[in-house]
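Have a look at the structure below before the remarks.
In what follows, every chain begins at residue 1, and chains take the letters A, B, ... in the order their sequences are listed. The shown structure was predicted, so the numbers you read here are calculated from the model rather than taken from an experiment.
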2 protein chains.
Amino acid sequence: MVTRLRDREVVTLTADLVILTIREGELCLLLVERANEPFKSRSALPGGFLRAGETIEETALRELAEETSLDGLPLHLEQVGLYSAPDRDPREPRVVTCSFLAIAPNLPVPVAGSDAHAARWVPVRDVDRLTGGLAFDHAAILADALARARTKLQYTTIATAFCAPEFTISELREVYEVVWGVEVDRPNFHRKVTDADDFVVPTGKKSSKGTGRPALLYRAGTARVLHPPMVLPAAPESVVDG
Amino acid sequence: MVTRLRDREVVTLTADLVILTIREGELCLLLVERANEPFKSRSALPGGFLRAGETIEETALRELAEETSLDGLPLHLEQVGLYSAPDRDPREPRVVTCSFLAIAPNLPVPVAGSDAHAARWVPVRDVDRLTGGLAFDHAAILADALARARTKLQYTTIATAFCAPEFTISELREVYEVVWGVEVDRPNFHRKVTDADDFVVPTGKKSSKGTGRPALLYRAGTARVLHPPMVLPAAPESVVDG
DNA sequence: GCAAAAGTGTTTTAGCTACACCCATGT
DNA sequence: ACATGGGTGTAGCTAAAACACTTTTGC
């Protein structure tokens with residue numbers, strides 16, 4: 001069968017971002033309020049349209065820069081999946097979106113919303129209670145990105161992307177506890193992280209925050225895979241795209 | 001900034017498939033010969049255009065059905081990534097592709113090529129030697145899909161997707177050895193697989209193929225994640241999209 | 001000194017590795 | 001009988017879990 005032109009549907013492509021960070025011990029997500037129809041004034045993931053000459057990754061990075069004040073920070077950005085249900089967006093031409101998982105350190109400024117729409121950090125566990133829920137299929141996109149983040153904490157070093165350039169082992173442990181929602185044994189975590197090959201490297205400096213013994217400061221190492229992996233107690237049914 | 005229509009580029013979407021199977025102890029890949037420009041008569045991944053009303057998964061399944069004779073078989077199909085470099089395809093409108101990893105049991109018929117183009121199984125390690133290499137960015141797409149398959153063998157039960165509905169433990173072990181390119185200790189593998197929770201379930205039947213003691217036959221269990229994971233000896237730098 | 005947080009040691013247990021060994025079938 | 005592949009047992013090692021303990025700071 002020869003492919004005929006009428007078999008192809010032209011679409012517009014968007015990049016939608018699940019931008020995660022940790023604020024005050026809570027896993028938070030950046031949401032915007034939609035300024036236009038469809039789903040006007042509903043909460044949605046930040047995102048935008050692919051422009052001529054750019055890759056979808058460049059679209060995602062551009063939107064990320066517009067929504068947050070991160071510039072050259074040690075950011076993690078990865079594709080999660082393509083969402084293409086024909087009825088996911090009523091606009092014409094059809095809108096298909098590529099979702100991205102972005103992980104950011106806690107930003108001092110809540111959000112520098114340069115656009116008209118209000119951008120804000122929302123605790124992930126409060127998302128269900130948003131009036132009307134998320135726009136489009138963004139609830140499903142969020143769930144998949146969260147699952148990806150949770151599994152990737154196990155086998156990769158992305159946990160450091162939640163931290164400032166210099167961080168303590170306890171801050172890194174908090175990442176696991178907050179994202180997984182479980183307690184992690186402090187002494188064993190310390191050993192495991194410092195023993196792992198190039199996960200974290202000591203800076204020599206100390207933290208000196210508040211009471212208690214000052215913690216040593218570390219920065220992220222060059223390792224991308226975590227060997228051996230960090231395993232969470234109960235088996236997580238959280239392997240995405242499978 | 002308000003999004004203007006001229007900022008959006010319309011694109012056509014394709015699904016490209018990395019269909020893997022094991023034939024005669026070799027990891028093989030389904031390739032087609034392109035019938036049209038661009039890259040006419042070059043080897044390429046099978047794929048096709050998104051049609052109106054279908055999801056990209058349906059596009060992939062439709063192409064898979066056209067290229068192979070699998071019908072309701074226990075097939076594994078998952079998205080790997082979106083490839084959107086502006087110069088990856090010279091056609092207009094711009095062509096962006098979503099790649100899929102498909103894992104199939106060894107099919108008795110090599111390929112039922114219903115289309116004009118010749119489809120054939122090619123050992124993965126021979127792909128580099130193809131005259132001219134693969135069309136488009138398919139070499140990169142293949143590399144990413146292979147990395148995904150190799151890592152997913154560790155933490156998931158997708159290895160059973162390479163096997164017929166009923167299989168022996170040795171056949172399952174061959175999957176790991178062929179995909180990873182390493183030897184796996186037979187006795188330990190047997191224990192690990194049969195001990196894992198619902199990875200494989202015995203059927204009670206025996207194989208009786210050739211000489212030697214007949215092996216018990218198993219079928220795939222319902223577990224999707226493998227706990228504890230199967231680890232390959234040396235750390236693989238093979239975590240994709242990270 | 002006391003509370004609080006960081007970091008180290010120790011015991012127990014689970015899982016993996018590397019084999020040796022036995023079992024069931026074809027020739 | 002013996003070759004061939006399937007399956008089990010076992011000793012030694014490695015790593016993880018649980019928890020006691022020491023160290024360094026602020027008050």
Difference in axis direction between the ends of the helix from C:dG1-D:dC27 to C:dT27-D:dA1, five pairs, 10°: 10°
Measure the distance from [atom1] on [X] to [atom2] on [N] and round it to the nearest whole Å.
X	N	atom1	atom2	answer
B:D185	C:dG15	CG	C1'	14 Å
B:E183	C:dT17	CD	C1'	14 Å
B:R173	D:dG7	CZ	P	10 Å
B:L172	D:dG6	CG	C1'	15 Å
B:H227	C:dA14	NE2	P	14 Å
A:K205	C:dA6	NZ	P	18 Å

Sequence neighbours excluded - salt bridge (Lys or Arg N to Asp or Glu O under 4.0 Å) pairs with any residue from residues 211-223 of chain B: none
Residue pairs passing the salt bridge (Lys or Arg N to Asp or Glu O under 4.0 Å) test where at least one lies in residues 121-139 of chain B, sequence neighbours excluded: B:E26-B:R125, B:R88-B:D137, B:D126-B:R129
Test item: B:N106 side-chain N/O and B:I22 main-chain N/O as donor-acceptor pair under 3.5 Å: yes
From C:dG7, D:dA16, D:dG6, nucleotide with atom closest to A:L216 side chain: C:dG7
Sequence-distant partners of [X], salt bridge (Lys or Arg N to Asp or Glu O under 4.0 Å), two or more places apart:
X	answer
A:E177	A:R173
A:E57	none
B:E174	none

Salt-bridge present (A:E33, A:R120; N to O < 4.0 Å): no
Sorted by number, the residues of residues 187-198 of chain A with heavy-atom contact under 4.0 Å to DNA chain D: A:P187, A:N188, A:R191, A:K192
Residues that A:F189 engages under ring pair (Phe, Tyr, Trp, His ring centres under 6.0 Å), provided they are two or more places apart: A:Y176
N/O-N/O pairs, protein side and nucleotides 1-5 of chain C side, under 3.5 Å:
residue: C:dA5; atom: N3; partner: A:R213; partner atom: N; Å: 3.3

Upstream residue (5' side of DNA chain C) when B:P229 and A:L217 are each assigned their closest nucleotide: A:L217
Phosphate OP1/OP2 of D:dT25: any A:K206 side-chain N/O under 4.0 Å: yes
Selection residues 131-150 of chain B - residue pairs positive for ring pair (Phe, Tyr, Trp, His ring centres under 6.0 Å), sequence neighbours left out: B:F39-B:F136, B:F136-B:H138
Results of side chain to side chain donor-acceptor pair (under 3.5 Å) for A:K205 - residues two or more places apart only: A:E166
Residues forming a side-chain contact (heavy atoms from CB on, under 4.5 Å) with A:D197, sequence neighbours excluded: none
